[in-house]
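Report on one structure; see the data block that follows.
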2 protein chains.
Amino acid sequence: MPSILDVAKRAGVAPTTAKRAIHEPHLLAQETLARVRKAIEELGYEPDQVAGGLRRGRTQTLGLMVGNIMEPFFASLVRTIAHAAQSRGYALIVTDSEYDTKVERANLRVLYGHRVSGLIIRSGYGQPNLDYLKRMRERGTYILEIDYFYPDSPFGHVMLDNEGCVFEGVRYLHSLGHRRIATLGSYDPLYHPEERSRSFPKALEAVGLPLIEAYQRVILLTEPEAYKLTLELMRLPEPPTAIFSLNGTEAAGAFRAIKELGLRIPEDVSLLTFDNYSWTALVTPPLDVIEQPVEEMGLAAVEIVLDAVENRTLDKVVRKRFPGRLIKRGSCAPPKHA
Amino acid sequence: MPSILDVAKRAGVAPTTAKRAIHEPHLLAQETLARVRKAIEELGYEPDQVAGGLRRGRTQTLGLMVGNIMEPFFASLVRTIAHAAQSRGYALIVTDSEYDTKVERANLRVLYGHRVSGLIIRSGYGQPNLDYLKRMRERGTYILEIDYFYPDSPFGHVMLDNEGCVFEGVRYLHSLGHRRIATLGSYDPLYHPEERSRSFPKALEAVGLPLIEAYQRVILLTEPEAYKLTLELMRLPEPPTAIFSLNGTEAAGAFRAIKELGLRIPEDVSLLTFDNYSWTALVTPPLDVIEQPVEEMGLAAVEIVLDAVENRTLDKVVRKRFPGRLIKRGSCAPPKHA
DNA sequence: GGTCTATATGGTCACGTGGCCATTACGTCT
DNA sequence: AGACGTAATGGCCACGTGACCATATAGACC
């Protein structure tokens with residue numbers, strides 16, 4: 001494995017001169033530069049980021065922790081962030097918390113062990129690892145939350161305008177004539193410190209609708225739980241005429257349940273969901289969705305992190321919101337017996 | 001950022017003793033060990049993998065390059081591999097080549113720069129980067145290909161039994177009575193050095209069917225190209241009675257095209273596809289698929305790589321095949337005018 | 001009592017780099 | 001001519017660790 005010393009020897013210059021060809025080429029004479037570059041080329045030399053990271057006290061490495069990479073939202077984030085990081089010369093260490101506090105902690109240890117310069121994290125609920133994150137920041141890692149943030153979080157974040165989107169969704173359903181609207185999973189301070197379910201009652205209130213107690217359930221926002229809840233809701237004496245799914249994963253469960261019950265969308269029940277996952281356009285009928293600008297959010301996150309890292313402004317707290325976009329495809333219509 | 005020196009100082013022992021508490025605790029007296037551990041705990045010390053990697057000459061880092069992380073096959077791989085790596089104390093650097101040779105090369109540079117100990121790679125077609133990979137191996141990185149491998153590749157790989165799956169798929173369609181079967185994308189030595197499209201003519205031959213020239217097209221295996229090709233195929237005077245999609249991404253395009261033409265599945269055309277993506281069970285009708293054991297493949301890949309890395313057997317070449325599984329859901333039926 | 005062995009602990013150095021300071025050559029200004 | 005400035009190059013060392021070698025203590029053995 002050739003080092004800069006080998007390059008220097010081959011080019012017939014001192015090590016210091018050789019490495020200037022990489023970092024400060026303007027300091028070298030044309031001819032010297034060419035000679036060193038030739039040696040680099042011939043040897044296939046590539047700077048050792050491990051050694052550089054040690055010496056610099058700062059690695060060219062970012063960390064990303066997602067909740068579940070199988071969700072297209074997170075897959076897209078990984079793709080965008082990995083690409084942006086790599087184009088700036090940073091490598092991206094990706095971890096998946098599976099929304100599990102213990103897994104998250106284990107992953108954080110590995111990330112800290114590798115001394116990532118920055119960490120973009122979609123943390124799980126609750127705050128068992130907040131202290132660990134704070135210590136990481138004290139020790140030089142810039143922390144940025146994405147898609148969710150701890151209550152009273154001291155870190156910056158990149159978020160969807162969840163409240164605005166919920167309001168828009170509810171307004172849309174209300175304008176179609178719906179009066180019995182249900183979300184899949186209700187706000188619970190213990191289980192869902194989550195903006196979407198928390199905004200829903202406010203949104204109902206804003207259009208003058210009551211929150212229907214019979215629809216309130218505390219569930220995990222997963223496919224199987226959404227499936228079960230949808231079955232339950234649609235079997236009520238007064239089932240909802242519209243279901244508002246809080247994410248694309250839930251929507252799959254709701255869709256499956258509705259089909260299984262032999263109900264038609266939108267004739268028997270309207271379905272609106274967060275996340276423009278590709279399958280939502282393929283099913284019958286294609287679903288109305290609220291799309292997140294995932295790529296913009298990922299790029300913004302990288303910008304914020306690298307800006308802070310490279311300018312040594314680790315205390316800088318940036319909080320950014322992105323608007324969603326309602327796409328109508330036909331899964332929402334006026335209720336039958338409006 | 002506390003180092004092992006700080007730990008030693010706090011515990012009142014020599015640095016060497018302190019680090020033995022981590023790597024060789026059996027050498028220490030009970031009481032000394034307890035004292036050092038207490039100091040580690042109190043300081044929140046975590047070994048610096050950057051420094052360790054430099055000294056050791058080998059990092060606790062693996063690299064993974066996928067073709068497109070938005071494809072659930074790859075997302076699942078990332079998840080499985082990241083998890084397995086992290087449980088062994090390795091961090092995983094994830095990159096996405098977008099099936100682009102230049103992007104792939106840039107990513108390889110970053111991975112090499114970070115001196116990953118092992119690399120699991122789903123390379124793009126063609127071999128412009130094969131030499132670079134060979135040099136990486138010479139310099140200590142263990143390379144394992146997954147899902148695809150270079151012709152004459154000197155590396156090991158983890159693969160689906162593509163030929164067996166194509167044969168099974170064709171046998172299945174043939175047994176239903178189909179005589180006009182088309183794949184989406186035909187084998188072309190330049191564009192598709194790819195096992196599935198290459199096996200298809202052989203599989204037809206095995207059941208005594210001719211390869212229909214009118215269906216042969218060289219396309220990229222993407223959603224838009226599959227969409228366009230499906231439109232073309234179904235508008236032929238003698239359209240196929242069954243379409244065999246070579247991956248889940250293509251299937252989405254084919255499905256979209258079939259729906260758009262107002263054709264019914266399976267009455268007007270049967271559809272069979274590789275990859276059990278979750279949307280395939282949600283559409284109407286749910287699709288017949290050939291499922292890959294993605295998690296097993298990912299775990300096997302990590303085993304192979306870490307085994308070679310930790311036992312310094314970088315020249316060991318392991319080649320492993322996994323069987324697929326045909327799942328019938330109703331998108332394939334006998335053709336109308338058999 | 002001296003030698004041996006096992007147990008427990010300590011000391012030293014290099015991995016490849018980047019930051020910093022030092023040196024040389026040569027032209028310009030007063 | 002001497003002082004000075006600039007361009008170009010060189011030398012040295014520490015980052016935190018792990019490998020390797022060295023030392024100290026105490027009990028066992030003859």
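Reminder, nothing fancy here: chain letters follow the sequence lines and each chain counts from 1.
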Rounding to a whole Å, what distance do you find between [X]:[atom1] and [N]:[atom2]?
| X | N | atom1 | atom2 | result |
| --- | --- | --- | --- | --- |
| I22(A) | dG16(C) | CD1 | P | 14 Å |
| E24(A) | dT17(C) | CD | P | 15 Å |
| E31(A) | dA8(D) | CD | P | 12 Å |
| H26(A) | dA8(D) | NE2 | P | 10 Å |

| Can you name the nearest heavy-atom pair linking M297(B) to I146(B), along with the distance? | O-CD1, 4.2 Å
Quick one: are [X] and [Y] in side-chain contact, heavy atoms under 4.5 Å?
| X | Y | result |
| --- | --- | --- |
| R79(A) | N68(B) | yes |
| V66(A) | L64(A) | yes |
| I69(A) | S76(B) | no |

| task | Could you give me the CA-CA distance, side-chain angles and deciding distance for R319(B) and E145(B), then say whether side chain to side chain contact (heavy atoms under 4.5 Å, CB included) is met? | result | CA-CA 9 Å; R319(B) 302 198 158 120; E145(B) 292 184 274; over 6 Å; no
Which atom pairs, donor and acceptor, lie under 3.5 Å between side-chain atoms of residues 4-27 of chain A and protein residues at least two apart or in another chain?
residue : atom : partner : partner atom : Å
D6(A)   : OD2  : S3(A)   : N            : 2.7
R10(A)  : NE   : E42(A)  : OE1          : 2.6
R10(A)  : NH2  : E42(A)  : OE1          : 3.0

| field | Partner of M65(B) under side chain to side chain contact (heavy atoms under 4.5 Å, CB included), chosen from I120(B), N129(B), D96(B), L108(B) | value |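 Of I120(B), N129(B), D96(B), L108(B), side chain to side chain contact (heavy atoms under 4.5 Å, CB included) with M65(B) is met by L108(B) alone.
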| Which is true for V13(B) with a 4.0 Å heavy-atom rule: it touches a base, it touches only sugar-phosphate, or it touches nothing? |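 V13(B): backbone/sugar contact only, no base atoms under 4.0 Å.
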| task | Taking only the side-chain nitrogens and oxygens of T32(A), find out if one of them lies under 4.0 Å from OP1 or OP2 of dA8(D). | result |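 The answer is no; no side-chain N or O of T32(A) sits under 4.0 Å from OP1 or OP2.
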| request: Sugar-phosphate means primed atoms, P, OP1 and OP2; the rest is base. With that split, encode nucleotides 15-21 of chain D 5' to 3' as B, S or - using protein heavy atoms under 4.0 Å. | output: BBBBS--
| request: Kindly state which residues belonging to residues 35-43 of chain B come within less than 4.0 angstrom of DNA chain D, counting heavy atoms of the residue only, listed by number. | output: none
| request: Report the relative orientation of the aromatic rings in H157(B) and F149(B); use parallel for angles under 30°, tilted for 30 to 60°, perpendicular for over 60°. | output: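 Judged by the thresholds at 30° and 60°, the geometry between H157(B) and F149(B) is parallel.
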